[in-house]
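First up is the structure itself, then whatever we jot down about it.
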2 protein chains.
Amino acid sequence: MITLAVDAMGGDRGLAVTAPGATAFLQAHPDVRLIMTGDEAQLHQALNAAGAPMGRIDICHTTQVVGMDEAPQSALKNKKDSSMRVAVNQVKEGKAQAAVSAGNTGALMATARFVLKTIPGIERPAIAKFLPSDTDHVTLALDLGANVDCTPGQLAQFAIVGSELFHALHPQKGRPRVGLINVGTEDIKGTDTVKQTYKLLQNSKLNFIGNIESNGILYGEADVVVADGFVGNVMLKTIEGAVKFMGGAIRREFQSNLFNKLAAVAALPALKGLKNKLDPRKFNGAILLGLRGIVIKSHGGTDETGFRYALEEAYHEAKSAGPSKLEQGIAEQLAAFEAAQNETAADL
Amino acid sequence: MITLAVDAMGGDRGLAVTAPGATAFLQAHPDVRLIMTGDEAQLHQALNAAGAPMGRIDICHTTQVVGMDEAPQSALKNKKDSSMRVAVNQVKEGKAQAAVSAGNTGALMATARFVLKTIPGIERPAIAKFLPSDTDHVTLALDLGANVDCTPGQLAQFAIVGSELFHALHPQKGRPRVGLINVGTEDIKGTDTVKQTYKLLQNSKLNFIGNIESNGILYGEADVVVADGFVGNVMLKTIEGAVKFMGGAIRREFQSNLFNKLAAVAALPALKGLKNKLDPRKFNGAILLGLRGIVIKSHGGTDETGFRYALEEAYHEAKSAGPSKLEQGIAEQLAAFEAAQNETAADL
């Protein structure tokens with residue numbers, strides 16, 4: 001059995017989304033139990049209304065909720081009995097293998113970092129996410145916004161944790177190909193930080209394939225792509241914006257004249273298929289990566305389908321990428337990394 | 001009459017693209033003359049083959065070509081009689097109002113900066129471009145890769161030159177709305193450099209609308225969007241990649257089964273319309289902005305249609321955004337800017 005802790009009150013719509021999302025998820029996975037944190041009475045009502053399999057749900061009553069705009073420090077200090085904090089506590093205490101929250105990202109990151117701590121040798125957690133794809137390409141991108149300024153060492157650490165996570169989730173794909181987001185493929189390109197990161201990765205034991213440009217990331221040019229949180233966030237939001245923009249452009253074109261409107265009827269299955277394949281809800285579930293425990297952040301504004309996909313992400317990681325498994329690989333990579341740096345130092 | 005200088009040998013395919021591109025452009029614009037720089041014999045042959053109106057073309061014979069991978073410093077030092085350098089010289093000498101090259105970006109930027117110099121008060125030129133749109137939205141983005149590291153002052157200068165250029169080209173749109181690319185809309189977001197830039201822009205006389213996130217840039221949320229060259233380059237390439245990716249996804253979906261293949265026949269006009277509207281060749285022509293003269297960089301791998309659009313960009317700027325016009329507006333903005341900073345300093 002896998003047990004996931006769910007912050008039932010988080011997100012823009014709280015229980016109205018988490019209760020039916022959790023219900024649909026449980027129905028699809030008979031090997032899962034949930035610990036749902038939040039107001040007990042409201043949780044009972046919402047879960048009963050959704051027709052949830054109550055035998056596989058433990059309700060953990062909490063009295064507080066972290067506000068969507070609340071400052072991380074305030075959440076940490078004043079919301080010790082919040083649904084978010086108590087969900088993360090379940091992972092710390094070994095009662096759940098992963099926690100899922102649609103609450104405020106900054107507060108969730110601060111809480112997860114405070115409660116779980118980072119993996120030894122990893123200075124800062126990053127936000128990682130699998131990018132949209134309509135094919136078999138799977139690409140993990142990080143950092144998507146947790147750290148707007150990063151040192152070369154921190155970027156290299158992101159590469160290591162990203163590579164280990166990818167390998168744990170997709171072992172059949174071999175050694176993950178790690179790419180560094182840059183403005184060109186040559187090693188002389190980029191800022192000093194990026195150039196130094198390139199050198200660190202070149203000397204690591206990772207399967208580093210060099211700099212990659214962001215026009216290639218949706219084509220599976222790399223399995224893991226690394227950038228600082230500013231660049232990664234801009235990249236992710238640009239993809240989201242461009243995919244949505246193209247959807248709108250298709251719609252406008254098919255409504256531009258009578259002939260195209262008629263053609264749209266015939267094209268409906270294809271257009272629906274496309275929309276379905278690239279449904280952003282399917283790519284919901286960002287990973288707070290680098291922590292001693294699995295924490296998944298759902299988009300705050302998602303619906304029950306999107307929330308269900310965030311639970312799926314947590315489930316897959318809990319099944320095959322538990323922290324003990326990751327930590328061993330990360331420790332080996334970090335050791336190889338340090339050895340390479342010492343060698344370089346000795347060469348000088 | 002407008003006179004443009006054209007580096008006829010630049011780009012991956014040189015004359016095979018520039019000669020027919022220039023010919024089509026001249027045919028559409030009877031009020032234009034071209035000075036084409038390159039090998040005289042080859043130019044004569046290529047232009048005659050393309051059926052060019054020779055009466056409106058001056059051939060300026062040059063003996064050198066800058067390589068597509070040549071280092072900027074080598075081009076500057078060793079290629080004083082290159083088609084690129086001589087094309088830029090025409091602008092400096094007042095013989096042409098703008099220069100267009102599909103040659104190597106680094107060499108073109110170094111050459112243009114060396115020959116033309118920057119506008120007083122502008123420390124560094126930026127690369128600016130109008131983003132793709134299928135509607136009436138026009139958005140100018142900069143810097144798209146010239147400066148991977150920027151100070152707040154330089155970013156504010158980009159905002160000023162971008163705003164002045166946009167206003168000169170689109171006076172009917174009123175005061176250009178300037179947005180700063182950031183990872184969130186709140187003023188506490190971003191790196192220290194971005195936060196300081198925010199403050200500078202807030203105190204400027206620009207129509208600064210604050211931070212904008214990159215998922216909104218294709219929707220015309222701002223007229224001018226500013227970022228450093230690293231972020232801007234990643235953003236632009238992500239858009240290019242995502243639009244192309246969507247094109248591929250549409251194609252695959254319409255080929256996924258017999259019904260969709262049949263529907264594709266009916267949908268062909270709409271799909272072609274979409275492809276035509278978002279044809280990247282239409283958005284060819286990056287502006288080397290902040291120089292005392294107009295220089296347009298065409299994509300090196302474009303075809304004659306794309307090259308023609310780069311000439312169109314040069315033509316429109318030469319008509320309505322000449323450097324003397326821009327320089328006056330920029331001087332006023334910079335003066336207001338400095339006054340605001342002195343006031344702030346006096347307040348401390």
Side-chain angles (χ1 to χ4, degrees), chain A residues 132-135 145 148-149 181-184 189-192 194 213-219 227-250 252-257 259-271 273-274 277-278, chain B residues 132-135 145 148-149 181-184 189-192 194 213-219 227-250 252-257 259-271 273-274 277-278:
Chain A
S133 170
D134 76 322
T135 62
V148 292
D149 273 314
I181 293 289
N182 204 338
V183 296
K189 291 277 182 170
T191 60
D192 287 341
V194 170
E213 296 183 88
S214 57
N215 45 6
I217 49 167
L218 295 177
Y219 296 93
D228 69 47
F230 196 98
V231 170
N233 189 275
V234 167
M235 196 173 75
L236 181 74
K237 284 179 181 157
T238 305
I239 293 171
E240 289 171 356
V243 169
K244 196 176 153 205
F245 164 80
M246 284 294 286
I250 294 169
R252 274 190 296 280
E253 199 62 35
F254 274 103
Q255 287 166 355
S256 63
N257 62 48
F259 182 84
N260 285 352
K261 278 183 192 166
L262 291 171
V265 178
L268 207 61
L271 296 177
L274 181 70
K277 272 190 191 149
L278 293 172
Chain B
S133 170
D134 76 322
T135 63
V148 292
D149 272 313
I181 292 288
N182 204 338
V183 296
K189 290 278 184 171
T191 60
D192 287 341
V194 171
E213 296 183 270
S214 57
N215 46 4
I217 50 167
L218 294 178
Y219 296 94
D228 68 47
F230 196 98
V231 169
N233 189 274
V234 167
M235 196 173 75
L236 181 73
K237 284 180 183 156
T238 305
I239 293 172
E240 288 172 356
V243 169
K244 196 177 153 204
F245 164 80
M246 285 295 284
I250 294 169
R252 275 190 295 280
E253 197 62 35
F254 274 104
Q255 287 166 356
S256 62
N257 61 47
F259 181 85
N260 286 352
K261 278 182 193 168
L262 290 171
V265 178
L268 207 61
L271 296 177
L274 181 70
K277 272 189 191 150
L278 292 172

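Below, chain A is the first sequence line, B the second, and so on; all start at residue 1.
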Side chain to side chain contact (heavy atoms under 4.5 Å, CB included) with Asn257(A): which residues, sequence neighbours excluded?
-> Phe259(A), Asn260(A)

Of the backbone (N, CA, C, O) and the side chain (C-beta and beyond), which part of Tyr219(B) lies under 4.5 Å from a heavy atom of chain A, both, or neither?
-> side chain

Below 4.5 Å from any heavy atom of chain A, which atoms of Lys189(B) appear? Answer side chain, backbone, both or neither.
-> neither

Under the side chain to side chain contact (heavy atoms under 4.5 Å, CB included) test, residues paired with Ser133(B) that sit two or more places apart = Thr135(B), His137(B)

Closest heavy-atom contact between Ala266(A) and Ala266(B)?
-> CB-CB, 4.5 Å

Which answer fits Val194(B), side chain, backbone, both or neither, if we ask what part of it has an atom under 4.5 Å from a heavy atom of chain A?
-> side chain

For Leu278(B), is it the side chain, the backbone, both or neither that has a heavy atom under 4.5 Å from a heavy atom of chain A?
-> side chain

Exercise: identify the closest heavy-atom pair between Lys237(A) and Val183(B) = NZ-O, 2.8 Å

Option in Ser256(A), Ala227(A), Gly190(A) with maximal non-hydrogen atom pairs under 4.5 Å from chain B | Gly190(A)

Mind ranking Ile239(A), Val231(A), Thr191(A) by heavy-atom pairs under 4.5 Å with chain B and telling me who comes out on top?
-> Thr191(A)

According to the interplanar angle, ranging from 0 to 90°, do the rings of Phe254(A) and Phe254(B) count as parallel (below 30°), tilted (30 to 60°) or perpendicular (above 60°)?
-> parallel

Nearest heavy-atom neighbours spanning Asn182(B) and Phe230(A) | OD1-CE1, 3.4 Å

Minimal non-hydrogen separation, Val234(A) against Ser214(B), with atom names | O-OG, 2.8 Å

With side chains defined as the heavy atoms from C-beta onward, is the minimum distance between Lys244(A) and Leu218(B) less than 4.5 Å?
-> no

Correct closest heavy-atom pair for Asn215(A) and Glu240(B) would be ND2-OE1, 4.4 Å

